[in-house]
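Written out below as structure tokens is the structure these notes cover.
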Protein chains: 2
Amino acid sequence: MKIGELAKATGTQVETIRYYEREGLLPETSRTDGNYRIYGEAHAQRLSFIRHCRSLDMTLDEIRVLLRFKDAPTENCGEVNALLDEHIGHVAARIRELRSLERQLKGLRDLCQEAQDAAHCGILNELARQGSEGGSSAAGHVHGAHGRSVERKTMKDKRK
Amino acid sequence: MKIGELAKATGTQVETIRYYEREGLLPETSRTDGNYRIYGEAHAQRLSFIRHCRSLDMTLDEIRVLLRFKDAPTENCGEVNALLDEHIGHVAARIRELRSLERQLKGLRDLCQEAQDAAHCGILNELARQGSEGGSSAAGHVHGAHGRSVERKTMKDKRK
DNA sequence: AGAAACCCTGTAGCAACTAAAGAGTCAAGA
DNA sequence: TCTTGACTCTTTAGTTGCTACAGGGTTTCT
Ligand SMILES: [Zn+2]
Ligand SMILES: [Zn+2]
Ligand SMILES: [Zn+2]
Ligand SMILES: [Zn+2]
């Protein structure tokens, strides 16, 4: 099948597939006379595997490790288990961070019950106070607090 | 004070301060004869405000909005409250996503109790199964599952 | 005076894509 | 047959919030 069909079959964007090839997660395929990539069932399975891992928020580096084991069926899978445990740790750590943020944010929110002039807004004034360290810092690899997908479109005219 | 002193006073890196200036979060300052930026107390406060917001995982765009209200003390702060509520929603949404991921990952982990050959590893086999959509997708702006800071250093020699 | 410590601008890199430019290929319809 | 349209190709740049150079200039200390 051609790249567009593979994309449809796996729910992946065409550019993402080419990106994975560049990154070495998918092998380079054979090509048609017209230089089109052609894929088989094995490619579809491998891509499904990758996307499944990504849906669990693993990094491409983590996925690379798992793929090495997929490609070496006689190896002992102990490292796979360890990697998964670590990744679960990454997720758990980020959840703890975000819960702490949520608490702080709710406390902050309570400082302004009803709208007034900005100069007396408890929220703005509290944010202006210095100190109060303790934000997210160490540990794993689960980051950010802001999603992909939405509202990305509207960002074009941001600058200027 | 000079940029290095401001950096020390606020616990911010020098490059970050210059970056905020480029991004319009901090105003351009006056300069010394030798073209050094000079800052006063007001700048330090503004920077503290920004860093405080960042420690709460707000985006720079969100912070820009809050700064507009800081700069207009007579405006009604209703939008501030709304922005905070939205951001709390972002964080809450991401927590829900990550909790779902955590459940899935733990279920996956249970599929391989003791190390064996990769071909029979329940984890690898389950990841290879297709379907099973339902990963993170819609909503807010709290993303990823992988932290900043650590293990970034080790990534230099990644390719090749 | 010389060296260390600071500052400047400009550019590139990180993760994991996404989008777009500019060109080529292929199948079907008029 | 020709032409439209859908598809594909490569290359390049943009996204977010910084961080790290490189290659200079300035200040300050000794
Ligand atoms: Zn992880
Ligand atoms: Zn308020
Ligand atoms: Zn937010
Ligand atoms: Zn196993």
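Each chain gets a letter, A, B and so on, in the order the sequences are listed, and its residues count up from 1.
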Please report, rounded to the nearest Å, how far the [atom2] atom of [N] is from the [atom1] atom of [X].
X	N	atom1	atom2	value
A:Gln13	C:dA20	CD	C1'	13 Å
B:Glu23	D:dG14	CD	P	14 Å
A:Glu5	C:dA27	CD	C1'	13 Å
B:Ile50	D:dG17	CD1	P	12 Å
A:Arg22	D:dA13	CZ	C1'	12 Å
B:Glu15	C:dG10	CD	C1'	13 Å
A:Met58	C:dA16	CE	C1'	16 Å
A:Tyr19	D:dA13	OH	P	17 Å

Would you say [N] has OP1 or OP2 under 4.0 Å from some side-chain N or O of [X]?
X	N	result
B:Arg64	D:dG17	no
B:Tyr20	D:dG17	no
B:Arg31	C:dT9	yes
A:Thr16	C:dT18	yes
B:Arg37	C:dT9	yes

I want to confirm an ordering. Mapping B:Leu60 and B:Asp33 to their closest nucleotides on DNA chain D, which one lands closer to the 5' end?
B:Leu60
With a 4.0 Å cut-off on heavy atoms, is B:Arg18 in touch with a base, just the backbone sugar-phosphate, or nothing at all?
base
State which of [options] makes the closest approach to the side chain of [X].
X	options	answer
B:Lys2	D:dT28, D:dT8, D:dA20	D:dT28
A:Asn35	D:dC9, D:dC18, C:dC17	D:dC9
A:Arg54	D:dC18, D:dT19, C:dC17	C:dC17

Would you say A:His87's side chain and A:Leu56's backbone share a donor-acceptor pair under 3.5 angstrom?
yes
Hey, is the main chain of B:Arg96 close enough, under 3.5 Å, to the side chain of B:Ser100 for a donor-acceptor pair?
no
Within the supplied structure, the quantity of interest is the number of heavy atoms (other residues, nucleotides, ligands) at a distance under 6.0 Å from B:Gln113 CD; does it exceed 12?
yes
We want to know whether A:Arg51 and A:Tyr20 form a side-chain donor-acceptor pair, criterion being a heavy-atom distance below 3.5 angstrom.
yes
Can a donor-acceptor pair under 3.5 Å be found between the side-chain atoms of A:Tyr36 and the base atoms of C:dT25?
yes
Side chain to side chain contact (heavy atoms under 4.5 Å, CB included) with A:Arg37: which of A:Glu28, A:Lys2, A:Arg18?
A:Arg18
